[in-house]
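Numbered from 1 within each chain, the chains take letters A, B, ... in sequence-line order.
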Protein chains: 2
Amino acid sequence: MTVDRTDEEILGALQRNGRASYAEVGQQVGLSAPAVKRRVDRLRADGVIRGFTALVDPAVLGWATEAYVEVFCAGNVSPDGLRRTLESIPEVVDACTVTGEADALVHLRAGDIRHMETVLERVRRDRRVDHTRSVIVLSRLVERAAP
Amino acid sequence: MTVDRTDEEILGALQRNGRASYAEVGQQVGLSAPAVKRRVDRLRADGVIRGFTALVDPAVLGWATEAYVEVFCAGNVSPDGLRRTLESIPEVVDACTVTGEADALVHLRAGDIRHMETVLERVRRDRRVDHTRSVIVLSRLVERAAP
DNA sequence: GCTGAAACGAAGTGGAT
DNA sequence: ATCCACTTCGTTTCAGC
């Protein structure tokens with residue numbers, strides 16, 4: 001599973017425009033449409049491309065309140081148990097285990113502060129969770145699709 | 001700029017598969033392909049849909065190390081100046097101002113720890129930045145496209 | 001292995017109703 | 001919003017590098 005320079009250019013083109021035609025991508029990378037399609041099919045099969053998605057403004061759908069929550073667990077923590085709990089909460093956008101005092105960092109999206117409070121209560125309901133420390137997002141400074 | 005129930009279903013379908021054909025989306029929401037296309041065009045024009053993108057596994061491209069950095073500023077901080085600094089650093093995936101002790105929370109992606117250290121130095125080079133507190137991501141627990 | 005060219009069916013697109 | 005016509009794209013097959 002090797003990704004060469006041309007593959008990277010194709011990935012870049014599809015990150016910029018996920019609905020670009022193969023011919024359009026081919027023009028950018030100097031390849032014909034069928035050649036691009038074959039590479040994209042391979043990149044998808046190899047898991048390099050996980051999928052394609054529409055980028056939707058969360059605020060329009062009523063998800064205007066964001067928070068980052070540090071989760072502190074009691075005693076030894078198995079990441080997998082915590083993962084199942086967090087995965088069952090739809091307001092969890094992403095979550096990861098981290099170094100430092102906290103065990104996990106959880107990114108939440110809710111409609112408003114009241115809604116956010118109920119989500120936090122739900123996170124804390126897990127017996128593994130000892131306590132949490134939250135910060136509310138005031139404004140987005142940078143938001144990128146890829147590095 | 002109003003988003004009705006059908007629009008939301010279309011958005012959901014396109015978040016699940018950003019390259020779905022209009023006919024395919026139409027079948028899911030009970031509309032003809034041209035009707036779906038018209039709605040999608042409107043949603044894009046209104047900024048509800050910001051674009052379409054390929055979801056690429058960062059690790060395959062050599063972006064294996066992630067960190068979240070709390071940025072503490074000296075004195076009064078203007079979010080816009082900090083935004084310009086962070087935007088100029090390609091390793092910044094996203095960043096936001098937050099409540100609490102820190103002024104901003106920055107999500108970074110780098111190739112390895114050595115690379116991450118140089119990125120952190122670059123963040124701290126900004127005169128606004130007094131100090132930073134970082135956590136390194138150990139493992140992803142949840143990763144969603146949308147709430 | 002990879003590529004590009006051709007061909008056919010499917011999808012995108014604009015206009016009329 | 002649907003229907004229709006026309007254009008463009010997706011996809012397979014084939015042959016050449």
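- Side-chain nitrogen and oxygen atoms of S32(B) include at least one within less than 4.0 Å of the OP1 or OP2 phosphate oxygen of dT2(D).
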Report, as a single string ordered 5' to 3', how protein heavy atoms within less than 4.0 Å touch nucleotides 12-17 of chain C: B base, S sugar-phosphate only, - not at all. SSBB--
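- Remark: D94(B) CG to E143(A) CD distance equals 6.5 Å, nearest 0.5 Å.
- What separates CD of Q27(B) from P of dA1(D) is a distance of 17 Å, to the nearest Å.
- Tested against V29(A) for a side-chain contact (heavy atoms from CB on, under 4.5 Å), the candidates R5(A), R39(A), E9(A), E8(A) yield a single pass: E9(A).
- Atom CD of E87(A) sits in a crowded spot, with more than 12 heavy atoms from other residues, nucleotides or ligands closer than 6.0 Å.
- Neither side chain, T65(B) nor R109(B), offers a donor N or O lying under 3.5 Å from an acceptor on the other.
- Around CG of D80(A), the count of heavy atoms belonging to other residues, nucleotides or ligands within 6.0 Å exceeds 12.
- Regarding E24(B), its CD atom lies at a distance of 11 Å from the C1' atom of dA11(C), rounded to whole Å.
- Side chain to side chain, Q28(A) and R16(A) meet the donor-acceptor criterion of an N or O pair below 3.5 Å.
- For the helix from dG1(C)-dC17(D) to dT17(C)-dA1(D), the axis fitted to the five pairs at one end and the axis fitted to the five pairs at the other end meet at an angle of 30° (nearest 10 degrees).
- Side-chain contact between V77(A) and T97(A) is absent, with no heavy atoms from C-beta onward closer than 4.5 Å.
- Judged by the 6.0 Å distance and 45° axis criteria, R19(B) is positioned over the aromatic ring of Y22(A).
- The distance from atom CG of L31(B) to atom P of dC3(D) is 11 Å, rounded to the nearest whole Å.
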